[in-house]
Engineer: 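Take a look at this one; I'll ask things after.
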Amino acid sequence: MKRGAIEYCVLALVERRESYGLELVQTLSAVDGLVTSEGTIYPLLSRLRRDGAIESFWRESDSGPPRRYYRLTEQGRQSLRTFRSEWDRFKNAVDQLIGESP
Amino acid sequence: MTTRHIDRIAEDYLRRLDDELGVLPARQRREIMDEIRDHLAERRADIPAETEADLRDILDRLGDPREIADEARRRFGLPDATAGPLEIAVLLVMTAGAIVLPWLPAGMAIGVLLLWRSPCWTRRAKYVGGYLPLGAAIALTAANSLLDSGIGLSALGGLIAGLVLPLAGAVYLAVRLGRRLRPLAWACTAAVLLVVAVPAVVSLVPSRTSAFIARDAAPRPVTSGKTACGAFYAAKHFPGRGAIETNVGICWNGGRAWRTWGPNCPVSSTGLARLSVHRCTVRSQGSVLVIDTDITERATTTSAFGRSEGYGWVIAPDGTFRSI
């Protein structure tokens with residue numbers, strides 16, 4: 001469940017703002033319990049690039065060599081939209097069934 | 001210097017990661033390596049006076065190379081890295097081939113072909129355990145058959161190519177598979193090895209054999225005074241693998257046997273045998289002479305297709321000995 005959701009978390013972050021690898025890693029790690037090891041984000045990024053959900057470009061940085069940035073593609077936008085509605089339904093269904101803890 | 005030591009730790013990590021990612025297509029591997037290199041560089045640059053502990057902390061948070069590679073494998077839908085029938089086949093074929101054909105790396109060639117298809121070993125492991133040893137074995141075998149030099153050297157070369165390199169490669173690959181090779185697989189491999197190896201070892205033990213002088217082909221037996229000379233075939237039997245025979249020329253003066261060994265020493269199915277007659281006793285049994293010989297095997301230089309080695313003595317039709 002986590003592995004499927006992280007993909008869309010990354011897409012959502014990139015939708016919010018064009019980011020580079022380390023930025024995404026830092027944001028994701030800051031959320032409790034989402035990522036076990038930072039390095040595992042990079043295979044995900046590579047996969048998303050190959051699938052065409054994100055694309056990369058280089059941008060100069062003032063503190064060192066240029067960085068590889070990521071931005072959402074139209075395809076990525078579309079799949080994120082789909083996931084959002086599915087996630088809503090899923091979340092509500094589970095909440096309903098699980099209910100409040102006694 | 002501490003800085004260089006720290007750099008070496010970082011390089012080691014990246015090298016291991018590159019190795020583990022070897023199962024991925026080249027483009028994806030490069031992408032991930034580049035990104036992680038940048039990640040590492042940037043994180044390290046943030047620390048003004050970096051210590052080894054700092055670096056190890058960064059690497060810990062990055063994660064174990066194998067973990068990252070496993071994640072990559074999952075993300076790209078590559079098969080899981082637990083050893084399956086293909087991997088067992090690689091190990092078995094290489095080992096069994098080495099034992100059954102100890103002078104020719106045929107089993108190793110097949111094993112390496114299978115190895116190429118397996119996702120369970122990293123690129124480097126495949127090179128060290130498979131491709132390179134096979135290359136060396138083939139080169140050695142080719143050199144062997146071309147040069148055909150002295151007895152000891154060529155036989156040693158054949159053994160290294162056909163036995164030592166495949167076994168070493170198989171052991172290395174098995175160790176690298178390590179925890180991914182389930183205990184059951186280990187047990188199966190060990191069982192098959194036992195079944196193949198034990199008869200192979202047993203059959204190498206020299207054995208006695210006997211032969212009848214009446215069975216000789218040529219030269220014909222002649223008698224000179226009290227001495228009878230003739231040739232006979234001595235054979236050594238290998239359990240389940242047939243026999244090798246050799247021509248033995250011998251003269252018997254009614255009490256003492258001159259021993260020789262024959263000019264024709266066909267090579268056995270193992271490619272390793274040359275028979276030497278060390279000791280023989282002669283007795284008459286009715287109208288025939290029976291020679292009991294003690295025959296042992298020695299390594300040979302000839303190829304598997306048989307070639308005569310000319311040495312020893314020949315008994316000419318007129319009954320004289322002639323050395324070759």
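Small disclaimer: the values here were computed from a predicted structure and weren't measured.
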Engineer: Would you say B:Asp38 and A:Arg67 make side-chain contact, with heavy atoms under 4.5 Å?
Structural biologist: no

Engineer: Applying salt bridge (Lys or Arg N to Asp or Glu O under 4.0 Å), name anything that partners A:Arg68, two or more places apart in sequence or on another chain.
Structural biologist: none

Engineer: Do any of residues 48-62 of chain A have a heavy atom less than 4.5 Å from a heavy atom of chain B, and if so, which, in residue order?
Structural biologist: A:Arg49, A:Arg50

Engineer: When you check the side-chain N and O atoms of A:Tyr42 and B:Gln28, is any donor under 3.5 Å from an acceptor?
Structural biologist: no

Engineer: If you count heavy-atom pairs within less than 4.5 Å of chain A, which of B:Leu21, B:Asp60, B:Leu62 leads?
Structural biologist: B:Leu62

Engineer: A quick test of your reading: do over 12 heavy atoms of other residues, nucleotides or ligands sit less than 6.0 Å from CZ of A:Arg81?
Structural biologist: yes

Engineer: Which residues in residues 29-36 of chain B have any heavy atom lying under 4.5 Å from a heavy atom of chain A?
Structural biologist: B:Glu31, B:Ile32, B:Glu35, B:Ile36

Engineer: Which pair of heavy atoms, one from A:Ser37 and one from B:Gly63, lies closest together, and at what distance?
Structural biologist: CB-CA, 3.6 Å

Engineer: Listed by chain and number, what are the salt bridge (Lys or Arg N to Asp or Glu O under 4.0 Å) partners of A:Glu86, not counting sequence neighbours?
Structural biologist: none

Engineer: I'd like to check A:Tyr20 versus B:Glu42 (side-chain heavy atoms, cut-off strictly below 4.5 Å). Are they in contact?
Structural biologist: yes

Engineer: Between A:Arg47 (side chain) and B:Arg75 (backbone), is there a donor-acceptor pair under 3.5 Å?
Structural biologist: yes

Engineer: To the nearest 0.5 Å, what is the distance between CD on A:Glu38 and CZ on B:Arg43?
Structural biologist: 4.5 Å

Engineer: Heavy atoms only, distances under 4.5 angstrom: which of A:Ser29, A:Ser46, A:Gly21 has the most pairs with chain B? Name it, please.
Structural biologist: A:Ser46

Engineer: Counting heavy-atom pairs closer than 4.5 Å to chain B, which one of A:Leu44, A:Ile41, A:Leu45 comes out on top?
Structural biologist: A:Leu44

